[in-house]
Protein chains: 2
Amino acid sequence: MPPRTYHHPDTDEIAIARVLFALSEPLRLNMVRMLAEQGETDSIDLGPDLPRSTLTHHTSLLRESGVVFVRAEGRKCMIQLRDEDLEQRFPGLLDTVLTGYESADDDHSEADA
Amino acid sequence: MPPRTYHHPDTDEIAIARVLFALSEPLRLNMVRMLAEQGETDSIDLGPDLPRSTLTHHTSLLRESGVVFVRAEGRKCMIQLRDEDLEQRFPGLLDTVLTGYESADDDHSEADA
DNA sequence: TTAATCGTGCGACTATTTTCGAACAGTATG
DNA sequence: CATACTGTTCGAAAATAGTCGCACGATTAA
């Protein structure tokens, strides 16, 4: 029996409105930022203080909107940013959002001014 | 006495999450697309079939999130995209979103058919 | 002035989203 | 095997967002 399988939208099925909505939630935007910095990340590291069901809710929403790829690893769950797919579908979007997030939010080091 | 005044956030107060949320709504995203194409537009042209109160709701949300500039013109209300401010705040964001919207959604408003 | 038009604010309602506890199933460890 | 740990699902609750009728003030035109 397959352990856990996840459905992911094809790259050309990713809808801009759903991506924007997924990224408009501060919690999820922060998860995406972490994924962009760290690469594939254990799901629990994306929200150590959140109830598990809440974490599942947000990771599922990110997955269904095409922002992340989810992979079962033993009993854990590894999350990857679909940066290449997003770059192909909406060139520049991810970089722009993350750059804007860094500059907009609190004092994340602005070394390269 | 000024007829109608509107509050607009300063450019450096525009928050990425709020902008993304504003653009994640299909109705508002379409308004923004029209504004990008047509420039300053009479508010009623952005949603001729919508109830006025609904239209006000969406234009206010776009204004408060820093996406548009609203100006009273007689009894009408002219809407401008804050494209320069957005470009300064989040370089590339607007172009990327609109380009992604065009490519993703082929069913543009059929008003100009 | 009178009438028509426009946008706004209010209030109520519906729909969607978020949160999270509890029970459950799969996995690793002993 | 039993136990501890993981993520998922379900259900319900709360919070948020969208829709829209209506009354009102302001503006324009006759």
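Chain identifiers are assigned alphabetically (A, B, ...) following the order of the sequence lines, protein sequences preceding nucleic acid strands; residue numbering begins at 1 within each chain. A quick note: this is a predicted structure, and the numbers were derived from the prediction, not measured.
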**Item:** Touch class at under 4.0 angstrom, heavy-atom based, for A:Ser60 against every strand present
**Value:** nothing
**Prompt:** Which residues in residues 47-55 of chain A have at least one heavy atom lying under 4.0 Å from any atom of DNA chain C?
**Reply:** A:Pro51, A:Ser53, A:Thr54
**Asked** Of all the nucleotides listed (C:dT18, C:dG26, C:dT8), which has the minimum atom distance to the side chain of A:His58?
**Response** C:dT18
**Angle by which the axis turns from one end of the helix from C:dT1-D:dA30 to C:dG30-D:dC1 to the other, five pairs per end, to 10 degrees** = 30°
**Item:** Atom-to-atom span, CD1 of A:Ile44 to P of D:dT8 - whole angstrom
**Value:** 12 Å
**Message:** Counting C-beta onward and ignoring hydrogens, is there a side-chain heavy-atom pair between A:His58 and A:Ser43 closer than 4.5 Å?
**Reply:** no
**Asked** Rounded to the nearest Å, what distance is computed from the CD atom of residue A:Glu73 to the P atom of nucleotide C:dG26?
**Response** 19 Å
**Request:** If a pair satisfies salt bridge (Lys or Arg N to Asp or Glu O under 4.0 Å) and one of its residues is in residues 64-74 of chain A, list it, with sequence neighbours excluded.
**Result:** A:Glu40-A:Arg71, A:Arg71-A:Glu73
**Message:** I want to check one thing: is the phosphate of D:dG7, taken as OP1 and OP2, less than 4.0 Å away from some side-chain N or O of A:Tyr6?
**Reply:** no
**Whole angstrom value for the distance that separates P of C:dT16 from CG of A:Leu61** = 14 Å
**Fill in**
When A:Arg28 and B:Cys77 are each assigned the nearest nucleotide of DNA chain C, the 5'-most assignment goes to B:Cys77
**Prompt:** Is B:His57 touching bases, backbone alone, or none of the nucleic acid, heavy atoms closer than 4.0 Å?
**Reply:** base
